[in-house]
Amino acid sequence: MRIALDRQVTILNYIEVLKPRETGLLAFIGACAAVIAADGNLPVWTFLLTIVAVALGSAGCNGLTNYLDRDVDAKAIRTRNRALPSRRIYPPQRALPLIIGLIVTALALAYVINPLCFYLGLIGTLASALWRKTAVSCTFLGIIAGCSPVLIGWFALKPVFDIKILFICLLVAFWIPIHIWSIMVANRGDYLGAGLNYFPLNLKVKHTVIILMTLSVLLYIVSLLPYFLSNLKLLYLAAANILGILMIVANARLLCSSTSVAAWQVYKLSSFPYLGIMFLAMSLDTLLLQ
């Protein structure tokens with residue numbers, strides 16, 4: 001009984017390294033991108049294979065960033081209890097076979113689907129490998145890694161770049177800095193205490209929240225473009241307006257207060273509620289057009 005319990009705890013530790021919530025969101029938006037690309041006419045096996053490839057690749061890349069940033073995570077209160085920095089998995093290299101296996105399997109599946117999907121997955125993997133919490137390029141690399149599942153899902157079903165996928169990627173590109181920088185504001189003292197001092201931590205909070213407010217307005221504008229410049233209908237328009245206004249209001253509160261609580265609220269809103277529902281609305285709108 002004791003051995004079985006220890007084994008279960010060990011398995012859960014390895015799952016934790018793969019960031020299941022973040023992996024689930026990336027797999028979900030990749031699947032939604034495939035639905036949108038196929039205009040609702042999904043070849044079942046290609047669609048399922050795409051979901052598996054994106055899910056495995058996202059899990060592997062999330063595990064890779066956790067592994068590479070384990071030393072930094074050990075210094076911050078918010079992250080020091082994660083499986084690797086807390087030494088629940090020790091030595092940390094024990095996680096590498098799982099991480100590498102997931103990435104290699106995902107890239108192999110992507111190549112079977114479409115060689116272009118393989119190259120997009122490889123670019124996303126390299127961005128994850130270069131990701132560092134100590135580098136100013138962190139957000140830029142996050143945008144590349146975040147767009148990778150969307151592009152794989154799109155090109156798996158529609159190997160043509162058009163204006164719709166451009167605006168979908170722009171949506172992700174404007175969302176990511178809001179998502180990343182809001183949690184940095186919420187945990188600013190923790191980050192600085194861990195010795196991190198890169199953008200936007202090296203700015204005063206009042207300047208960072210102005211940037212976040214500006215980005216929320218730009219995100220709202222970008223989110224409306226797929227409706228006006230493609231064939232999406234009222235369901236998506238309603239979601240874009242409601243969520244866009246909520247995001248602006250949340251950032252306006254942060255602008256007025258500059259508190260960690262307000263920044264945390266922006267971060268939580270920008271997680272699944274915003275991005276997940278936006279992609280769900282696009283998918284449902286596409287399916288309802290059939």
Side-chain angles (χ1 to χ4, degrees), residues 15-16 18-38 40 42 47-48 50-59 61-62 65 124 128 139 142-154 156-157 164-183 186 212 215-216 218-227 230 232-251 263-289:
I15 292 174
E16 181 187 324
L18 306 178
K19 296 183 178 179
R21 286 181 297 179
E22 290 83 351
T23 294
L25 178 59
L26 292 172
F28 179 75
I29 64 175
C32 289
V35 171
I36 299 163
L42 289 168
F47 179 62
L48 293 177
T50 301
I51 294 175
V52 173
V54 171
L56 295 181
S58 298
C61 288
N62 281 327
T65 58
S128 298
T139 303
I143 291 172
I144 295 174
C147 286
S148 180
V150 175
L151 289 169
I152 291 171
W154 178 274
L157 277 297
K164 187 182 288 187
I165 186 59
L166 172 62
F167 290 133
I168 292 173
C169 286
L170 282 175
L171 179 70
V172 175
F174 278 97
W175 168 80
I176 283 177
I178 295 175
H179 184 64
I180 294 176
W181 294 345
S182 59
I183 196 170
L212 287 171
L215 285 172
S216 69
L218 293 174
L219 178 66
Y220 178 47
I221 294 170
V222 167
S223 72
L224 295 176
L225 295 179
Y227 172 78
S230 67
L232 292 175
K233 300 301 180 183
L234 291 178
L235 177 62
Y236 174 77
L237 181 63
N241 275 292
I242 293 171
L243 291 169
I245 291 171
L246 286 175
M247 186 69 76
I248 290 174
V249 169
N251 278 280
W264 181 254
Q265 291 172 344
V266 172
Y267 170 74
K268 295 302 291 183
L269 174 62
S270 70
S271 298
F272 183 88
Y274 183 85
L275 198 66
I277 294 174
M278 288 291 285
F279 272 82
L280 177 62
M282 277 190 275
S283 299
L284 292 176
D285 234 351
T286 302
L287 291 171
L288 293 173
L289 289 173

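All heavy atoms count here, side chains included; hydrogens, waters and symmetry mates do not. Since this is a predicted model, take the numbers as computed values, not measurements.
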**Q** Name all residues meeting the side-chain hydrogen bond (donor to acceptor under 3.5 Å, both in side chains) criterion together with Y267; count only those two or more places apart in sequence or in a different chain, and write none if there are none.
**A**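 By the side-chain hydrogen bond (donor to acceptor under 3.5 Å, both in side chains) rule, Y267 matches no residue at all.
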**Q** For F167, enumerate each residue passing the ring pair (Phe, Tyr, Trp, His ring centres under 6.0 Å) test, keeping only those at least two apart in sequence or located in another chain.
**A** none
**Q** Does the side chain of N62 reach to within under 4.5 Å of the side chain of L18, using non-hydrogen atoms?
**A**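 Not in contact.
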**Q** side-chain contact (heavy atoms from CB on, under 4.5 Å) with S148: which residues, sequence neighbours excluded?
**A** I152
**Q** Name all pairs fulfilling the side chain to side chain donor-acceptor pair (under 3.5 Å) condition that reach into residues 240-251, sequence neighbours left out, sorted by first residue then second.
**A**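 The answer is Y220-N241.
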**Q** Of the non-hydrogen atoms in A250 and L269, which two are nearest, and what is the gap between them?
**A**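 So the two residues come closest at CB-CD2, 4.0 Å.
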**Q** With a 4.5 Å heavy-atom cut-off, do V266 and I178 have their side chains touching?
**A**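 Yes, close enough: below the 4.5 Å cut-off.
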**Q** Could you tell me which residues satisfy side-chain contact (heavy atoms from CB on, under 4.5 Å) with A240, sequence neighbours excluded, listed by chain and number?
**A**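 Counting only residues at least two positions away or on another chain, A240 forms a side-chain contact (heavy atoms from CB on, under 4.5 Å) with S223, L224, Y236, M278.
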**Q** Can you name the nearest heavy-atom pair linking C169 to L151, along with the distance?
**A** SG-CD2, 3.6 Å
**Q** Pairs in or reaching into residues 164-181: which pass side chain to side chain donor-acceptor pair (under 3.5 Å), with residues at least two apart or in two chains?
**A** T139-W181, K164-N231, H179-S270
**Q** Look up atom CD1 in I29 and atom CZ in F279, then write down how far apart they are to the nearest 0.5 Å.
**A** 4.5 Å
**Q** Can you confirm whether I248 sits close enough to I245 that some side-chain heavy atom of one is under 4.5 Å from a side-chain heavy atom of the other?
**A**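 They are not in contact (no side-chain heavy atoms under 4.5 Å apart), so the answer is no.
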